[in-house]
Protein chains: 2
Amino acid sequence: MFAVSARTQYAIRAMSCLAKRPDRSATAAEIALAESIPAKYLEGILSRLKASGLIESERGKNGGYSMAKDPAAISMLEIVEAIDGRIKPVTCVDAPGACAFGGDCHPRNFWIGLKATIDAYLAERTLKDVSEG
Amino acid sequence: MFAVSARTQYAIRAMSCLAKRPDRSATAAEIALAESIPAKYLEGILSRLKASGLIESERGKNGGYSMAKDPAAISMLEIVEAIDGRIKPVTCVDAPGACAFGGDCHPRNFWIGLKATIDAYLAERTLKDVSEG
DNA sequence: TATATTCCTACTATTCAGATAGGAATATAG
DNA sequence: CTATATTCCTATCTGAATAGTAGGAATATA
Ligand code: FES
Ligand code: FES
């Protein structure tokens with residue numbers, strides 16, 4: 001239960017990989033090789049990370065990806081949300097009454113509290129913390 | 001991300017339903033009707049709850065299900081684990097080295113910490129807390 | 001112009017959650 | 001002893017999501 005997707009794990013490894021080379025950039029193929037990630041699959045992951053402003057890219061020859069921020073300034077929550085979207089134990093986190101038992105659903109507050117707890121944990125740790133262990 | 005399965009939500013509603021009737025028992029069909037849960041699907045859920053010792057059952061005519069404990073003595077963690085098993089952000093929670101990057105996988109501690117955080121949240125709240133809101 | 005790269009779109013395969021179906025085992029009432 | 005109501009067991013179907021693949025367009029460099 002509450003399994004983290006392969007995508008998210010790939011994303012973290014890819015980010016860690018980039019974090020290790022401060023200035024230089026790396027191609028998708030290089031990262032894929034270094035971290036044992038299916039190359040074509042990784043392209044899609046990097047695309048999402050870029051869309052969220054966590055990494056930058058250069059196209060064409062000598063192109064590649066590089067960090068857009070200091071690894072110590074990137075929370076794990078940012079990475080996770082870039083890949084899999086917001087944490088949503090229940091679909092009604094945003095819209096009250098989205099689940100079957102509309103208004104007076106007691107468990108709702110319980111799940112929203114869980115989301116807050118998870119969010120807090122993820123927001124507290126940075127890429128730097130995690131990639132250094 | 002981190003969606004709670006319909007099964008687990010059904011289970012909580014079913015347990016809440018039983019918690020409301022202290023001594024009496026309820027049949028699967030009654031609970032299904034009261035909580036808008038597919039009747040046949042619910043049977044499988046009740047079966048798991050029973051296997052974990054959270055509820056009791058009587059077969060045959062006048063049979064049904066009833067609470068095995070005081071709702072204030074049942075943690076949400078027990079219910080969740082009865083239905084979907086232990087919280088496992090990554091498959092290597094129990095067996096170090098189960099994931100690809102065996103020994104020196106830095107993210108591992110991060111995920112295990114998350115599991116501990118979630119477990120703690122769930123263990124702290126009881127069925128009574130949640131069903132009363 | 002040749003080459004290396006990101007980027008975009010579409011497709012396939014596998015897995016899993018959700019749900020359904022049918023009936024065997026068991027208990028009660030009459 | 002029989003009819004009935006229930007839990008309990010096993011098998012199956014379906015749709016959605018995840019993981020992964022394929023091919024090529026756009027773009028930058030040398
Ligand atoms: S209304 Fe969303 S959990 Fe009940
Ligand atoms: S070894 Fe399990 S998360 Fe890395």
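Side chains included, hydrogens not; waters and symmetry mates left out as well; all remaining heavy atoms used. Naming convention: chains lettered A, B, ... in sequence-line order (proteins, then strands); numbering from 1 in each chain.
Using a 4.5 Å heavy-atom threshold, the side chains of B:Ile74 and B:Thr126 count as separate. Residues B:Met76 and B:Ile79 are in side-chain contact: their nearest non-hydrogen atoms beyond the backbone lie under 4.5 Å apart. With a 4.5 Å cut-off on side-chain heavy atoms, B:Trp111 and A:Phe2 do not count as touching.
Within the 4.0 Å cut-off from OP1 or OP2 of C:dC7, at least one side-chain nitrogen or oxygen of A:Lys50 is found. Of the side-chain N and O atoms in A:Ser57, one or more sit less than 4.0 angstrom from OP1 or OP2 of C:dC7. Proximity of A:Asn62 to the phosphate of C:dT5: no side-chain N or O atom is located under 4.0 Å from OP1 or OP2. Listed pair B:Tyr65 / D:dC8 meets the phosphate criterion, a side-chain N or O lying under 4.0 Å from OP1 or OP2. The phosphate of D:dG20 (OP1 or OP2) has a side-chain N or O of A:Tyr10 nearer than 4.0 angstrom.
When rounded to the nearest whole Å, the span between CG of A:Leu46 and P of C:dC8 equals 13 Å. Atom-to-atom, CD of A:Glu56 to P of C:dT6 comes out at 14 Å; the value is rounded to the nearest Å. When rounded to the nearest whole Å, the span between CZ of B:Phe2 and C1' of D:dA17 equals 16 Å. Note: CG (A:Leu49) to P (C:dC7) measures 12 Å, nearest angstrom. Between the CZ atom of A:Arg7 and the P atom of C:dT15 there is a distance of 17 Å, given to the nearest Å. Distance CG (B:Leu42) to P (D:dT6): 14 Å, rounded to an integer number of Å. Between the CZ atom of B:Arg48 and the C1' atom of C:dG18 there is a distance of 11 Å, given to the nearest Å. Summarising the geometry, the separation between CD1 on B:Ile55 and C1' on D:dC8 is reported as 12 Å, rounded to the nearest angstrom.
Within 4.0 Å of B:Glu58, counting heavy atoms only, lie sugar-phosphate atoms of the nucleic acid but no base atom. Contacts of A:Ala29 with the nucleic acid, taken as non-hydrogen atoms under 4.0 Å apart, are absent. As judged by a 4.0 angstrom heavy-atom cut-off over every strand, A:Ser5 is placed among residues touching the sugar-phosphate backbone only. Note on A:Gly44: nothing from the nucleic acid sits closer than 4.0 angstrom, heavy atoms only.
No donor-acceptor contact under 3.5 Å links the side chain of B:Arg59 to the base of C:dA27. Side-chain to base pairing of B:Lys40 with C:dG22: one donor and one acceptor N or O lie within less than 3.5 Å of each other.
Closest to the side chain of B:Lys61, from the set C:dC7, D:dC8, C:dT28, is C:dT28. Listed candidates were C:dA19, C:dC8, D:dT4. Nearest to the side chain of B:Pro38 is C:dA19.
Under the Watson-Crick and G-U wobble criteria, each requiring two contacts below 3.5 Å, nucleotide D:dT27 is paired to C:dA4. Across all strands shown, D:dA19 is found opposite C:dT12 as a Watson-Crick or G-U wobble partner, with both distances under 3.5 Å.
Panel note: side chain A:Arg48, backbone A:Ala82; no donor-acceptor pair is recorded below 3.5 Å. No donor-acceptor pair closer than 3.5 Å links the side chain of B:Tyr10 to the backbone N or O of B:Pro38.
Atom NZ in A:Lys69 sits 7.5 Å away from atom OG in A:Ser75 (nearest 0.5 Å).
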